[in-house]
Structure formats: structure tokens, C-alpha cells
Amino acid sequence: MALTVYEIWKSYPEKLGKEIDISGWVRTERTSKNFGFIELNDGTFFKNIQVVYDDTLPNFAEVTKITTGSSLTVKGKLIESPGDKQPFELKAENIEIIGLADPEFPLQKKRHTTEYLRTIAHLRPRTNLYRAVFKVRSLVAFAIHKFFTERNFVYVHTPIITGSDCEGAGEMFQVSTLDMKKPPLNEDGSIDYSKDFFGKQTNLTVSGQLNVENFCMAFRNVYTFGPTFRAERSNTQRHASEFWMIEPEMAFAELKDNMDVSEEMVKYLISYVLENAPEEMEFFNQWVDKGLLERLNFVLNSDFGRVTYTEAMEELIKSGKQFDYKPEWGIDLQTEHERYLTETVYKRPLFVTDYPKGIKAFYMRVNEDNKTVAAMDLLVPGVGEIIGGSQREERYDVLVKRIEEMGLSKEDYWWYLDLRRFGTNKHCGFGLGFERMVMYLTGVENIRDVIPFPRTPKNAEF
RNA sequence: GGGAGCUUAGCUCAGUCGGUAGAGCAACUGGCUGUUAACCAGUUUGUCGGGGGUUCGAGUCCCUCAUCUCCCGCCA
């Protein structure tokens, strides 16, 4: 009977005394003269299975030479373990060495730095930390679909390649099949994109929002969840050039609904991973962030803070704290301000709403005061901004005026403006940084450690 | 895009005042009848990130380039 390590751990009392066989990779081994132990992991579970063998094995001499990282198939009997670190173990009757790992296998039985492990991204998923991270990443992705599907949201696949060259959110990666050494030129020397693959200049998407708003007007509640690309030279632990983003959009809804759904979703994701990845979460709590479980449980049972930008500014000014950037109405909240608010003042996730319109995107709805827009950012301790969203400007004339004010061209947004001509309504949505959510849930501090093969400036190895 | 720091053995690091290279782990060899990052003994391991300079002499001081990390900006 071939079993996975997961199945054995989940039902070992009834498997005791039975003959089984398992296949997996050697995590670590310990040998003595006449016997030895192998910790075998087959990837299906966070924990290993301890294999015990002795010199009754025909290939005992070979088995004692097994190296960390090797792949094996072990046949034997599952028995109770005399050791107190594990309830059971596999007494080997046959060990087949399938792929002996070269002794240079770089993962040793000791702690490596995450910096080093990033240089061997092809092997790092075999470590406890990355196995736990990527298991949780997978569960969170599923939980997001589950959350929205349970609420009757429709999942929309918005395009990866976009022809809107002015989505307004940062530098973009250009997509082209033109010969870079000899591109076709217009008479004025500029590149003639009519000769390019799509007959126009195209880029990788920086946001699916403008597209998903169209489907929002057909299905009412929708979301996208897919890769997003930013060509910013951002060298920080929370920025990547390629990341995944969840962008829900809700029709007939206002900013408060936006916050309610965000808060409900964050709490849903927290309880989902606590329930479905207890071993991994315990591991993070012990090795990555000692306060993780306590913090997540606290957040689960408390209301998120909600303040307006204006109130937040007053709070910062009132604090008398020396900031590098002096808090003042009209400037954007600096990272130091955000950290102070969410980590020191509120000590929990915090929505900041109604920012000055000058520092926010054109599509955000202008408030009655004509000075602020119905925007919201969700700040969380440790990670910072995890969600950015807004109520959208649904009034055709106001939106056109905003596009012109921002120096954009309304022709480029004809189809977006059409939504305001044909059955417009108050609607809102937000973007959740998927990796930032995974960071928040695991306590892992660097975005490069929650992406299987991260892409950052100057790094696209693997 | 702006700033700071780092780079020494396969890995993690130490290296004092400028005087010619160290430890632990890994690997390898041997020992050990219940280990838990096993233990004990022994052996091997270096373009001190690259280039240039100062000096009798540079891992150490200076210049320069590169990588990586962190902070800021951008933002999710």
C-alpha cells in the first residue's frame, strides 16, 4: 500500500502494525554502527516520517552512505516509536535508493539565511520555511476564491497585455515583437508602433481595475485575481516587479461597503489559514515571528480602526513626535506616518479614508467638500499598505473634468467613460496585494520570500 | 530614482594598531546498539567580490566598479 506522509500522519493509529511503503526525500539522517535513522519527507505534509533501519537490510552499507536530499522508497512496518519526538516510525524492511544526492547538496542541517536561500531558489522549497510559506500561499489563494464565490462574486480574467498606456499606476513593461536594434520609425524619428504585433503600443498590466469595472456593470459583484507587473526600480522588502493582486469591484455600493468587505475578507483569510495550516502557522509563530498567532487572533476578534485622512493628520500633528516628514494636511502619508498610526496608535489594522484629491487617482469619487476623494487604504502593522481602494467617480461630467485636470486624454478612456453613460451607479472596489497578505499571515518580512521565483530589479534568475 | 551598509572556506561568521588566514557546521575517514540540527576523534578546504592606488608590507587605509541587503520615494 503506497501512502503519503500526510495520510499517515492523519490516520496513524489505525495504520500501526501495517506494512506500508512510502517515497520521499531525505531531510536528515543519523547513523550508528549497526543501525540508523532517516527523516523522510515526501512534500505532502509539514512533518517528516522517521525511518529506522538496521544491518539486517541487504544494502545496509549503501544505506548508511545516503546523503541529505536523496530520494528513496521505503517498505516496512509502521510501529510505535520509543523516542518522544514522534508517536510512530517506519521500521524499514527494504530501502530502495532512487536518486542519491551529490554530497554538494547545498541545504544543510542547520539554519541558512534567507539571502543565501534566494540564490538557490530551485532548492529552497525543500526547506521547512519555504515549504510552509508556499503551502500557506496556495491555501490563501484558494481561500480568496472561496470567500468571493460564497458571496456570489464572479471571477473575471482581465487581460495581462493591455493597450491602455496610461492606467496611471506606475512604470510599465512594454510588450513588443519589434526588432529592438532596428525598429520601424515614423518621419519624426519616433517608433512606428502601427508596425508592432498589435498595431499599437502595448504593455503588461499594472491593474485589472478598469477592465473589471466593465464586468461589474454586468454581474454586479466581480473580482479579478492575477499577475500584475510594475517596472518601478523599487528596492524594498515589500515591492516586486511581478506580483499577484486581487481586485473586487461592487456595483450599487459605497466606500463603507468597500471597507466592510475588506475587513470581512482579511478576517476570513486569517481564520482559514489558522484552521487549515495549523502546523505551518505554529512553525511561523515559533521561528519567524513569536507574536504572530497572538496578533492574528487579536485581529480576528477586534474591529479594524477607521479614520479619515484629516483625522489621521490631526493625530500625527497632535502626537508631537518628530517625523522626518512633518505631517501637514495635503501631503501624502509617509511610511513613517503609516507605521506610527497602525503600529503605535491603533496597534491593529487601520483604514484611512478620504484623502486629498490631489494625491489620488483620477477615477476616485470626489467628495461633497470638493477637496477629498472617497479613497481608502488599509494599513497593517509590519507590512504597511496591504489594500488600496476607493469608491469610483460615477458622474460622467465630473470624471471627464478629473481626467482633464490630471492631464490625461479622455479619448483613451472612451470605453471606461461609456460605463457612466449607460446605466451608471455608485460603485467601489479595491486592490489587495496578494503577497503582502501572505507576508502578514506568515510573519515573513520580505516579499521575495513569499514568491516562488521572485522578479525584482536586476533579478530574473530561475 | 535617492541614501546607507555588506561582500573572508561549501554554509554561518571572527579577524584587535596595517605585519602575510581562523572558528563552528558541512564534506571525507574512523568509532559508537535508539538518534532527534545525534555524539566522539581525525583529515581536507581560501583569487579575503573585481580593478586600481598609498605603503617596505593591505583582509585591514583610499579611489572605483559590481552584487546583495536595508531605508526613502513609487505602491499592492
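A, B, ... follow the sequence lines: proteins, then strands. Residue 1 opens every chain. Quick note: numbers below take in every heavy atom, side chains included, and nothing from hydrogens, waters or symmetry partners.
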### Task
Indicate whether Phe243(A) forms a stack on rA76(B); treat it as stacked only if centroid distance is below 5.5 angstrom and interplanar angle below 30 degrees.
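The ring of Phe243(A) is stacked on rA76(B).
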Expressed in whole Å, how much space separates the [atom1] atoms belonging to [N] and [M]?
| N | M | atom1 | value |
| --- | --- | --- | --- |
| rC71(B) | rA66(B) | P | 22 Å |
| rU64(B) | rG2(B) | P | 15 Å |
| rU69(B) | rC6(B) | C1' | 7 Å |
| rC13(B) | rC70(B) | P | 14 Å |
| rU16(B) | rA27(B) | P | 31 Å |
| rU12(B) | rG34(B) | C1' | 30 Å |
| rC48(B) | rG59(B) | P | 8 Å |
| rC62(B) | rC17(B) | P | 14 Å |

Suppose we define a pair by two distances each less than 3.5 Å, Watson-Crick or G-U wobble; what does [N] pair with here?
| N | answer |
| --- | --- |
| rA41(B) | rU29(B) |
| rG24(B) | rC11(B) |
| rG46(B) | none |

### Query
Side chains of Ile451(A) and Arg137(A): closer than 4.5 Å at any heavy-atom pair?
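Yes; the side chains approach each other to less than 4.5 Å.
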Does either side chain, that of [X] or that of [Y], offer a donor lying less than 3.5 Å from an acceptor on the other one?
| X | Y | result |
| --- | --- | --- |
| Arg27(A) | Asn128(A) | yes |
| Thr372(A) | Asn367(A) | yes |
| Glu282(A) | Gln286(A) | no |

### Query
For rU69(B), does either OP1 or OP2 sit under 4.0 Å from a side-chain N or O belonging to Arg118(A)?
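Arg118(A) to rU69(B) OP1/OP2: side-chain N or O found under 4.0 Å.
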### Task
Report yes if a side-chain nitrogen or oxygen of Asn446(A) is closer than 4.0 Å to either non-bridging phosphate oxygen (OP1 or OP2) of rC70(B); otherwise report no.
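Answer yes for this pair, as a side-chain N or O of Asn446(A) is under 4.0 Å from OP1 or OP2.
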Reckon [X] touches a base, only the sugar-phosphate, or nothing at all at heavy-atom distances under 4.0 Å?
| X | answer |
| --- | --- |
| Tyr325(A) | sugar-phosphate |
| Ile387(A) | sugar-phosphate |
| Pro103(A) | sugar-phosphate |
| Arg448(A) | sugar-phosphate |
| Tyr116(A) | sugar-phosphate |
| Ser32(A) | base |
| Thr113(A) | sugar-phosphate |
| Asp84(A) | base |
| Arg238(A) | base |
| Glu89(A) | base |
| Thr68(A) | nothing |
| Gln237(A) | sugar-phosphate |
| Gly83(A) | base |
| Gln334(A) | sugar-phosphate |

### Message
Test salt bridge (charged side-chain N to carboxylate O under 4.0 Å, His left out) on Lys135(A) and Glu279(A); report intermediate values, then the result.
### Response
CA-CA 11 Å; Lys135(A) 174 73 183 181; Glu279(A) 289 84 6; over 6 Å; no
#### Entry: Nucleotide nearest Lys110(A) when distance is taken to its side chain, options rG24(B), rA76(B), rG34(B)
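The nucleotide sitting nearest to the side chain is rG24(B).
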### Query
Out of rU67(B), rU33(B), rC11(B), which nucleotide sits closest to the side chain of Lys33(A)?
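For Lys33(A), the side-chain atoms sit closest to rU33(B).
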Side-chain donor/acceptor contact of [X] with base of [N] under 3.5 Å:
| X | N | result |
| --- | --- | --- |
| Glu232(A) | rG73(B) | no |
| His112(A) | rC11(B) | no |
| Gln86(A) | rU35(B) | yes |
| Thr335(A) | rC72(B) | no |

May I have the distance from [X] (atom [atom1]) to [N] (atom [atom2]), rounded to whole angstrom?
| X | N | atom1 | atom2 | result |
| --- | --- | --- | --- | --- |
| Lys109(A) | rU12(B) | NZ | C1' | 17 Å |
| Glu104(A) | rU44(B) | CD | C1' | 14 Å |
| Leu379(A) | rA76(B) | CG | P | 12 Å |
| Ile331(A) | rC72(B) | CD1 | P | 15 Å |
| Arg30(A) | rC32(B) | CZ | C1' | 15 Å |
| Phe105(A) | rA27(B) | CZ | P | 12 Å |
| Phe35(A) | rU35(B) | CZ | P | 7 Å |
| Asn34(A) | rC39(B) | CG | P | 20 Å |

### Message
Under the criterion side-chain contact (heavy atoms from CB on, under 4.5 Å), I'd like the reasoning laid out for Glu280(A) against Leu139(A): C-alpha separation, chi angles, the key distance, then a yes or no.
### Response
CA-CA 11 Å; Glu280(A) 285 81 1; Leu139(A) 290 171; 5.9 Å; no
### Query
Nearest nucleotide by nearest heavy atom, which residue falls closer to the 5' end of RNA chain B, Gly431(A) or Pro457(A)?
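Counting from the 5' end, the first nearest nucleotide belongs to Pro457(A).
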#### Entry: 5′-ward residue of the pair Asn459(A)/Ile386(A) relative to RNA chain B
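Checking each residue's closest nucleotide, the 5'-ward one belongs to Asn459(A).
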### Query
Is the NZ or CZ atom of Arg455(A) both under 6.0 Å from the centre of the six-membered ring of Phe453(A) and within 45° of that ring's axis?
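Here Arg455(A) fails the 6.0 Å and 45° test against Phe453(A).
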### Query
Counting only heavy atoms not in Trp9(A), do more than 12 sit closer than 6.0 Å to its CH2 atom?
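More than 12 within 6.0 Å, yes.
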### Message
Let's go through Arg392(A) and Glu213(A) carefully: what are the C-alpha distance in whole Å and the side-chain angles of both, what is the deciding distance for salt bridge (charged side-chain N to carboxylate O under 4.0 Å, His left out) to 0.1 Å, and is it a yes or a no?
### Response
CA-CA 9 Å; Arg392(A) 319 306 191 189; Glu213(A) 274 191 51; 3.8 Å; yes
